[in-house]
Amino acid sequence: MRPWGIKGCATTIFEVEHPILPPSIPETLRNQLEKDGMIAKLSWSQSKQVSEREIIKEISKSMRNMNPEDWVAVKGHVLDLIAYRVFNEYETKKIREDLGIEVEDMENQVLILSLFCQLKPITDLEGKKFFRVWWDCILCHWALWEAGIHHSDISESNLMYYEHDNKIMGILNDFDLATLESNKGLTGLDCTGTLPFMACSLLQSDALHYHVEHLYEHDLESFFWVLTWIAH
């Protein structure tokens with residue numbers, strides 16, 4: 001990333017059919033897929049970035065050590081990953097080499113395909129149902145942050161919901177830009193997020209030149225920008 005640029009994964013979402021589901025899928029998830037359907041996500045992820053698959057695995061692992069309150073805040077509020085594939089043959093470094101393009105300090109990205117259960121956008125809701133989903137996502141985000149899992153990309157499209165047993169469940173979605181506090185390879189100084197919802201301090205010169213650490217307060221501010229954006 002050059003200074004004054006915003007990173008992106010060029011994410012594309014589309015519906016897919018699932019005529020035969022693998023037997024390893026839990027019954028509750030299988031029922032959810034049959035009711036709501038399945039989506040595929042194509043995205044270009046930085047090769048140095050911890051993958052969304054690894055983040056979701058870490059979430060499951062961290063839940064074993066959570067206190068009851070945090071466990072409830074996360075359980076059912078993060079999507080299960082159904083399938084995942086990395087297309088290393090399409091990494092941007094190789095594409096540039098094949099085209100004879102030489103660019104210094106350009107980050108390498110790889111194409112990733114992920115399959116998830118289809119969700120509904122928070123913008124479909126109003127009143128108490130909307131605030132229930134919004135608050136579910138805030139509680140889930142806080143519990144994960146406390147566990148050392150930092151989402152770092154709160155936006156309107158990443159706050160979703162589904163219905164289970166006549167109950168609306170808020171979902172904190174899309175961990176493509178998430179980081180792990182335990183990962184010493186990343187500094188936490190990357191300027192990540194979705195532009196309209198990013199904290200103001202992350203859009204200043206110091207942040208864009210990697211001098212501002214991404215903190216919990218930045219994501220919390222993003223939650224309120226989402227609320228302002230939708231309520232406008």
Side-chain angles (χ1 to χ4, degrees), residues 6-22 25-26 28-47 49-60 74 76-92 95 107 109-125 129-130 133-134 136-137 140-141 144 149-164 168-179 192-198 219 222-223 225-227 229-230:
I6 303 296
K7 294 183 180 178
C9 299
T11 301
T12 302
I13 305 291
F14 51 93
E15 295 183 20
V16 292
E17 295 183 354
H18 49 90
I20 301 178
L21 294 173
I25 293 181
T28 53
L29 179 57
R30 183 184 298 273
N31 294 337
Q32 197 70 33
L33 287 168
E34 292 175 351
K35 181 171 72 75
D36 296 333
M38 183 188 300
I39 59 99
K41 180 173 78 170
L42 279 174
S43 61
W44 291 89
S45 179
Q46 298 176 57
S47 57
Q49 183 85 12
V50 181
S51 70
E52 185 171 35
R53 175 175 59 179
E54 293 304 314
I55 293 290
I56 293 175
K57 285 182 179 179
E58 188 64 27
I59 291 173
S60 297
V74 175
H77 298 286
V78 174
L79 271 183
D80 291 306
L81 180 59
I82 300 167
Y84 184 93
R85 180 177 174 182
V86 180
F87 296 89
N88 289 309
E89 62 270 30
Y90 297 122
E91 63 179 8
T92 54
I95 293 173
E107 292 171 345
Q109 292 176 282
V110 294
L111 182 62
I112 296 176
L113 172 67
S114 308
L115 296 182
F116 295 98
C117 183
Q118 189 166 16
L119 299 173
K120 300 175 183 177
I122 191 174
T123 49
D124 283 357
L125 300 173
K129 290 183 178 180
F130 169 86
V133 168
W134 183 73
D136 278 350
C137 293
C140 179
H141 176 272
L144 293 179
I149 302 167
H150 302 170
H151 188 280
S152 305
D153 185 23
I154 302 302
S155 68
E156 171 195 2
S157 60
N158 290 341
L159 307 185
M160 312 283 284
Y161 78 97
Y162 68 100
E163 297 179 40
H164 178 66
I168 289 180
M169 303 284 288
I171 288 283
L172 182 61
N173 193 36
D174 193 352
F175 288 83
D176 279 337
L177 298 180
T179 59
T192 59
T194 301
L195 187 57
F197 311 106
M198 290 174 68
D219 276 12
S222 293
F223 274 108
W225 285 126
V226 169
L227 180 62
W229 177 279
I230 295 175

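Excluded from the calculations below are hydrogen atoms, water molecules and symmetry mates; all remaining heavy atoms, backbone and side chain alike, are included.
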Test log, rule side-chain contact (heavy atoms from CB on, under 4.5 Å), inputs Ile154 and Phe197: CA-CA 7 Å; Ile154 302 302; Phe197 311 106; over 6 Å; no
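Counting only residues at least two apart or in different chains, salt bridge (charged side-chain N to carboxylate O under 4.0 Å, His left out) contacts with residues 155-164 comprise Lys120-Glu163. Sorted by first and then second residue, the side-chain hydrogen bond (donor to acceptor under 3.5 Å, both in side chains) pairs with a member in residues 76-86 form an empty list; sequence neighbours excluded.
Closest of all the heavy-atom pairs between Val226 and Ser155 is CG2-C, 3.6 Å. Shortest non-hydrogen contact noted between Ser43 and Thr11 is CB-OG1, 3.6 Å. Contact between Ser114 and Ile112 at its shortest, heavy atoms only, is OG-CG2, 3.8 Å. Of all the heavy atoms in Asn173 and Ser157, the pair that sits closest is ND2-O, 4.4 Å. Here the closest non-hydrogen pair linking Ala40 and Val16 is CB-CG1, 3.7 Å. The two residues Ile95 and Tyr90 come nearest to each other via the heavy atoms CD1-O, 3.5 Å.
At a threshold of 4.5 Å between non-hydrogen side-chain atoms, the residues Ile230 and Phe130 count as touching. Within the 4.5 Å cutoff, the side chain of Pro196 has heavy atoms near those of the Trp229 side chain. Side-chain contact between Thr179 and Val50: absent, with no pair of heavy atoms (C-beta onward) separated by less than 4.5 Å. You'll find the side chain of Ile56 reaches within 4.5 Å of the side chain of Phe116, heavy atoms only. Counting only heavy atoms from C-beta outward, the side chains of Tyr161 and Ile171 never approach each other to under 4.5 Å.
Going from atom CE of Met198 over to atom OG of Ser222 covers 7.5 Å, rounded to the nearest 0.5 Å. The CD1 atom of Ile13 sits 7.5 Å away from atom CG of Asp174, with the distance rounded to the nearest 0.5 Å. Rounding to the nearest 0.5 Å places CE of Met169 at 11.5 Å from CG of Leu119. Asp136 CG to Met160 CE: the interatomic distance, rounded to the nearest 0.5 Å, is 14.5 Å. From Ser45, atom OG reaches atom CG of Leu177 across 7.5 Å, with rounding to the nearest 0.5 Å. Once rounded to the nearest 0.5 Å, the distance linking CD of Gln109 with OG of Ser47 reads 8.5 Å.
Judged purely by distance below 3.5 Å, without hydrogens or angles, the side chains of Asp219 and His151 never pair a donor atom with an acceptor atom.
Counted within 6.0 Å of CD on Glu15, heavy atoms from surrounding residues, nucleotides or ligands total 12 or fewer; the atom is thus considered open. No more than 12 heavy-atom neighbours from other residues, nucleotides or ligands sit within 6.0 angstrom of CH2 on Trp225. Other residues, nucleotides and ligands contribute at most 12 non-hydrogen atoms within 6.0 Å of the NZ atom of Lys129. When the shell of 6.0 Å around CZ of Phe87 is examined, it contains more than 12 heavy atoms from other residues, nucleotides or ligands.
A donor-acceptor pair under 3.5 Å is formed between the side chain of Asn158 and the backbone N or O of Asp153. Side-chain N or O atoms of Glu52 include one that pairs as donor or acceptor with a backbone N or O of Phe175 at under 3.5 Å. Under a 3.5 Å cut-off, the side chain of Trp134 and the backbone N or O of Leu159 do not form any donor-acceptor pair.
Applying the side chain to side chain donor-acceptor pair (under 3.5 Å) test between Asp176 and each of Lys41, Gln49, Gln46 identifies Lys41 as the sole match.
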